[in-house]
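All figures in this text were calculated on a predicted structure; none of them were measured in a lab.
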Amino acid sequence: MVSWPWTPLLAAVAVAAAALMLAAPGMGRATLPFGVRIPPDRVGDPAVLAALRGYRTATLLLGAVLVVLGAGLLPIAGPTAAMGAVAVTGVAGHLALRIRGHRAVAAAKREGDWYRGLAQAVAADTGLRTDPVRPPWALLLPSWALIAATLAAGLLLYPDLPAELAVAVEYRDGERLVRTVETTPFSAFAAVLGQIAAAVLVPAAFAAALRSRPDIDAASPKRDAERYRRFLVIAGRCVAGAVFGTVLCLAGVAALTWTGRMTDGPLAVLALAPGLAAVALCSAVPMLLGQGGRRLRAGTPEAETGLVQRDDDRFWRLGGLVYANRDDPAVLVPERAMGVGWTLNLGNPVVLCTGAGLLLLLAGAAAAAAAGMLSLPGGADFYGWKWEW
């Protein structure tokens with residue numbers, strides 16, 4: 001039998017995924033339904049409203065499919081296969097629905113020539129260069145203090161650790177199997193390495209996002225720029241909170257690993273709770289504030305300019321998922337398809353060269369490993385999950 005925490009956990013993941021998918025169209029700007037740029041006076045067009053209704057109805061059906069799929073696979077294939085199937089089906093289904101909505105709105109826009117006779121413009125906030133929003137470095141100090149405490153505890157416990165660490169539980173043919181790995185510095189301190197990676201990479205990515213080009217509304221540039229700056233400040237605090245939640249989660253995983261309690265289902269779920277809270281925090285803020293803080297109340301009164309945002313759909317590919325513009329020097333631009341976060345400009349030479357370098361590095365490492373010239377770690381395990389190389 002499958003341990004009790006997995007059934008409600010899997011159902012909760014499926015329901016949460018469906019809820020996020022339902023909320024996705026409301027995260028971005030109303031003038032960017034499904035990643036298609038439209039004039040403000042077309043927000044209530046029947047074609048747009050029909051596409052939104054169709055998306056929400058299909059998403060509800062997809063959510064029901066995810067719950068049934070997870071519940072059906074859980075007793076047969078175990079939590080690993082069930083969670084993987086739910087994740088793959090959810091992502092694939094969501095992308096298919098988004099692309100269908102994108103095509104419907106784009107076709108109506110093209111047939112109706114919605115931008116005919118409108119004055120188009122692009123607005124920029126030069127103040128973000130001369131007086132940029134700073135990353136919240138001071139708010140990251142609690143995370144680093146917790147990392148130091150976890151590392152110190154690990155160093156004290158390491159000499160007395162058993163020869164093998166219980167790191168995962170698998171369910172196969174109704175049988176409960178405890179997965180162990182040899183105790184090495186890598187296996188014992190994998191969670192600490194994850195803490196360090198989260199505390200370094202996430203703030204670094206946010207610092208890079210602060211230098212990105214915002215999508216300032218040409219109809220009210222001053223008001224939109226003010227909202228965007230306030231949004232960055234709030235987002236920075238949320239990033240610091242999410243990093244702390246992730247670090248706390250991994251501290252719990254490390255403690256369970258070192259004490260031999262990783263096989264305890266309720267304790268493992270409890271250890272994962274701060275990480276789930278971090279994900280919820282990063283998801284809730286864009287939903288509440290909107291992309292770029294468009295739902296924030298602006299304190300600067302401003303008359304409308306009479307301009308509309310430039311129609312730049314020609315630079316977006318794959319249903320608004322990919323941005324490629326060689327004439328745009330920006331490396332990061334506001335993400336359009338989901339209305340949350342930022343995406344890379346694949347037309348920028350810096351992005352292309354960096355991506356090519358990473359691919360060559362990975363290909364070289366794989367070739368070296370295949371030739372026996374490079375020894376990779378034997379595996380990395382977490383509760384209920386296993387990856388092998």
Side-chain angles (χ1 to χ4, degrees), residues 20-56 59 94-116 118-125 209 212-221 223-225 227-228 231-232 235 283 285-296 298 304-305 307-325 328 330 332-346:
L20 285 176
M21 287 186 284
L22 282 173
M27 294 182 189
R29 296 177 181 272
T31 53
L32 285 172
F34 300 106
V36 180
R37 178 83 67 184
I38 64 174
D41 60 350
R42 293 288 183 171
V43 169
D45 190 89
V48 176
L49 298 180
L52 290 172
R53 285 195 301 268
Y55 170 83
R56 293 189 177 106
T59 298
H94 176 62
L95 288 178
L97 295 179
R98 294 286 301 185
I99 292 175
R100 186 182 72 167
H102 177 93
R103 290 178 175 175
V105 176
K109 170 186 171 181
R110 184 173 54 254
E111 293 171 2
D113 196 11
W114 287 357
Y115 272 88
R116 182 176 56 188
L118 298 179
Q120 304 179 41
V122 176
D125 182 9
S212 68
R213 173 180 58 78
D215 191 14
I216 303 296
D217 188 4
S220 52
R223 184 174 57 195
D224 214 37
R227 281 195 295 235
Y228 182 73
F231 169 78
L232 291 180
S283 302
V285 170
M287 286 190 289
L288 292 174
L289 303 184
Q291 188 179 43
R294 65 179 181 83
R295 292 199 185 101
L296 289 172
E304 296 288 337
T305 62
L307 303 173
V308 298
Q309 197 73 2
R310 182 188 64 177
D311 182 12
D312 54 356
D313 283 355
R314 62 187 181 279
F315 300 120
W316 292 87
R317 306 286 190 272
L318 298 179
L321 294 173
V322 177
Y323 179 74
N325 183 0
D328 188 350
L332 290 172
V333 296
E335 198 274 342
R336 175 175 287 193
M338 291 293 295
V340 178
W342 297 265
T343 190
L344 293 170
N345 176 14
L346 297 184

Those residues at least two apart in sequence (or on a different chain) that pass salt bridge (charged side-chain N to carboxylate O under 4.0 Å, His left out) with R42 are D45
Is the number of heavy atoms from other residues, nucleotides or ligands within 6.0 Å of CZ (R116) greater than 12? no
Between the CG atom in L32 and the CH2 atom in W316, the distance rounded to the nearest 0.5 Å is 8.5 Å
Can we say D312 and R336 salt-bridge, meaning some charged N sits less than 4.0 Å from an Asp/Glu carboxylate O? yes
**OP:** Would you please test Y323 and D328 for side-chain hydrogen bond (donor to acceptor under 3.5 Å, both in side chains) and show each step?
**Re:** CA-CA 10 Å; Y323 179 74; D328 188 350; 2.8 Å; yes
Handout entry: Y115 and D113 side chains, donor-acceptor separation under 3.5 Å
Key = no
Discussion item. Between R56 and M21, is the side-chain contact (heavy atoms from CB on, under 4.5 Å) condition met? List the steps.
Written reply: CA-CA 8 Å; R56 293 189 177 106; M21 287 186 284; over 6 Å; no
Quick one: are V333 and T343 in side-chain contact, heavy atoms under 4.5 Å? yes
| message | If we ignore hydrogens and angles and just use 3.5 Å, is the side chain of Q120 paired with the main-chain N or O of Q309 as donor and acceptor? | response | no
Here the gap from I216 atom CD1 to Y228 atom OH, rounded to the nearest 0.5 Å, amounts to 7.5 Å
For P33 and V105 the tightest heavy-atom approach is CG-CG1, 4.1 Å
D224 meets the salt bridge (charged side-chain N to carboxylate O under 4.0 Å, His left out) criterion, sequence neighbours left out, with R29, R227
Closest heavy-atom pair, S212 versus W342, reported as atoms and distance to 0.1 Å, is OG-NE1, 3.0 Å
Output for pair (D311 CG, L118 CG), nearest 0.5 Å, gives 10.0 Å
Heavy-atom closest pair (A123 atom, A218 atom, distance to 0.1 Å) is CB-CA, 4.1 Å
Here the pair of heavy atoms bringing L318 nearest to L321 is O-CG, 3.2 Å
CG (L289) and CG (L296) are apart, to the nearest 0.5 Å, by 5.0 Å
Assess the side chains of H102 and Y55: does a donor N or O sit below 3.5 Å from an acceptor N or O? no
Partner of D313 under salt bridge (Lys or Arg N to Asp or Glu O under 4.0 Å), picked from R37, K109, R103, is K109
Residues A47 and A108: closest non-hydrogen pair is CB-CB, 3.4 Å
query = Quick one: does N345's side chain have a donor or acceptor within less than 3.5 Å of a partner on A330's backbone?
reply = yes
In V43, T31, I38, V36, the residue satisfying side-chain contact (heavy atoms from CB on, under 4.5 Å) with V48 is I38
